[in-house]
Amino acid sequence: FLLFCILSASSFVIDYRNYRKSEELDMVIIHDLQLSEAIRRGIPLRYPYEILKDPLVQGLFQQGRQYEQEGDYEEAIYSYKDILSYWTSPVSIKVSAYNLIGLCYYDQGKFDQAKESFTDAEENMDKIGDRTEKLNAQASVFNNLGLVNKELSHFSLAQSYFHKALKINRRIGNQFREADILQNLA
């Protein structure tokens, strides 16, 4: 009986350790998926850390994302525009907000307004101090400008933006976005 209890206890410990490893793996996978989505949407890589410093900006981003998921793009745009008016927002966060506003307009088929927001993001990108964040912002915004120009039938301009984005993604080694851009060029 004692041997049975010991074996059962050690089996429980092994099962628990496997569960913990599985749980940790799930967390890594979720983190990677969130990071991929953040990169695709042009959110700076330091976004989670910077956002956590400011609860108001964090709330506005979360509120905007929630509205987007519900398909209420106008309310999402309103939330993202509030970030732009918040004076303590870092430039990288403001560029992300412009990019997200542009994506909301793009998803609604309002391509001229999307292009305007992406252009605002492009005009502010050079103010980003961190080189990695700047390159990621450029890659995302250039890709989005390519998409919107493609929709507006400005094919040579779209191709030019896609090539800029592709060059940056190859330089930084982002194969996920590189594949996305190659698909956009097709």
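The first residue in the sequence is number 1, and the count goes up from there. Predicted model only: the values in this text are computed from it and were never measured.
A distance of 7.5 Å separates CD1 of Ile93 from CD1 of Ile83, quoted to the nearest 0.5 Å. In this structure, SG in Cys104 is found 11.0 Å from CD in Glu75, a value given to the nearest 0.5 Å. To the nearest 0.5 Å, the span separating OG on Ser117 from CG on Asp112 amounts to 11.5 Å. The structure places CD1 of Ile128 at 8.0 Å from CD of Gln138, a figure rounded to the nearest 0.5 Å. Residue Lys94 holds its NZ atom at 8.5 Å from CG of Asn124, rounded to the nearest 0.5 Å. In this structure, CG on Asp72 lies 10.0 Å from CD on Gln63, to the nearest 0.5 angstrom.
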- [ ] Might you work through the side chain to side chain contact (heavy atoms under 4.5 Å, CB included) test for Asn136 and Arg177, ending with a clear yes or no?
- [x] CA-CA 10 Å; Asn136 278 298; Arg177 245 193 313 194; 2.6 Å; yes
TODO: Please step through side chain to side chain contact (heavy atoms under 4.5 Å, CB included) for the pair Lys127 and Ser92, ending with a clear verdict.
DONE: CA-CA 8 Å; Lys127 298 174 190 170; Ser92 59; over 6 Å; no
Open item on the list: Working note: Gln66 + Gln62, criterion side chain to side chain donor-acceptor pair (under 3.5 Å); need CA distance, chi angles, decisive distance, verdict.
Closed with: CA-CA 6 Å; Gln66 182 65 37; Gln62 289 174 347; over 6 Å; no
TODO: Dump the intermediate steps for side chain to side chain donor-acceptor pair (under 3.5 Å) on Asn149 and Lys115, then the final yes or no.
DONE: CA-CA 8 Å; Asn149 278 294; Lys115 184 176 180 178; 3.0 Å; yes
- [ ] Apply the test ring pair (Phe, Tyr, Trp, His ring centres under 6.0 Å) to residues Tyr98 and Phe118: give CA-CA distance (whole Å), side-chain angles for both, the deciding distance (0.1 Å), then the verdict.
- [x] CA-CA 6 Å; Tyr98 281 123; Phe118 294 141; over 10 Å; no
Open item on the list: Show, in sequence, the C-alpha distance, side-chain angles and deciding distance for Ser96 and Phe61, and conclude whether the side chain to side chain contact (heavy atoms under 4.5 Å, CB included) test is met.
Closed with: CA-CA 10 Å; Ser96 294; Phe61 263 114; 4.2 Å; yes
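In this structure, Phe142 has its ring center at least 6.0 angstrom away from the ring center of Phe162.
Residues Tyr73 and Tyr67 form no side-chain contact, since every pair of their non-hydrogen atoms from C-beta on lies 4.5 Å or further apart. For the pair Val148/Asn144, no side-chain contact is recorded, criterion being any heavy-atom separation below 4.5 Å from C-beta on. Counting heavy atoms from C-beta outward, Asn169 and Asn143 have side chains that stay 4.5 Å or more apart. Looking only at side-chain heavy atoms (C-beta outward), Glu74 and Gln108 come within less than 4.5 Å of each other.
Considering all non-hydrogen atoms of both residues, Gly146 and Ala158 come closest at O-CB, 3.2 Å. When every heavy atom of Ala121 is checked against every heavy atom of Asn99, the shortest pair comes out as CB-N, 4.2 Å.
Using a 4.0 Å cut-off between charged nitrogen and carboxylate oxygen, Glu178 and Arg171 do not count as a salt-bridge pair.
Judged by the 6.0 Å and 45° rule, Lys110 forms no cation-pi pair with Tyr105.
In this view, His163 satisfies the side chain to side chain donor-acceptor pair (under 3.5 Å) rule with no residue, not counting sequence neighbours.
Around the OH atom of Tyr78, the shell of radius 6.0 Å holds no more than 12 heavy atoms that belong to other residues, nucleotides or ligands. For Gln69, the CD atom is densely surrounded, since the number of other residues' heavy atoms within 6.0 Å is greater than 12. Open room surrounds NZ on Lys167; 12 or fewer heavy atoms of other groups in view lie less than 6.0 Å from it.
Clustering ILVMFWY residues whenever any of their side-chain heavy atoms sit less than 4.5 angstrom apart, transitively, puts Phe155 in a cluster other than the one holding Tyr106.
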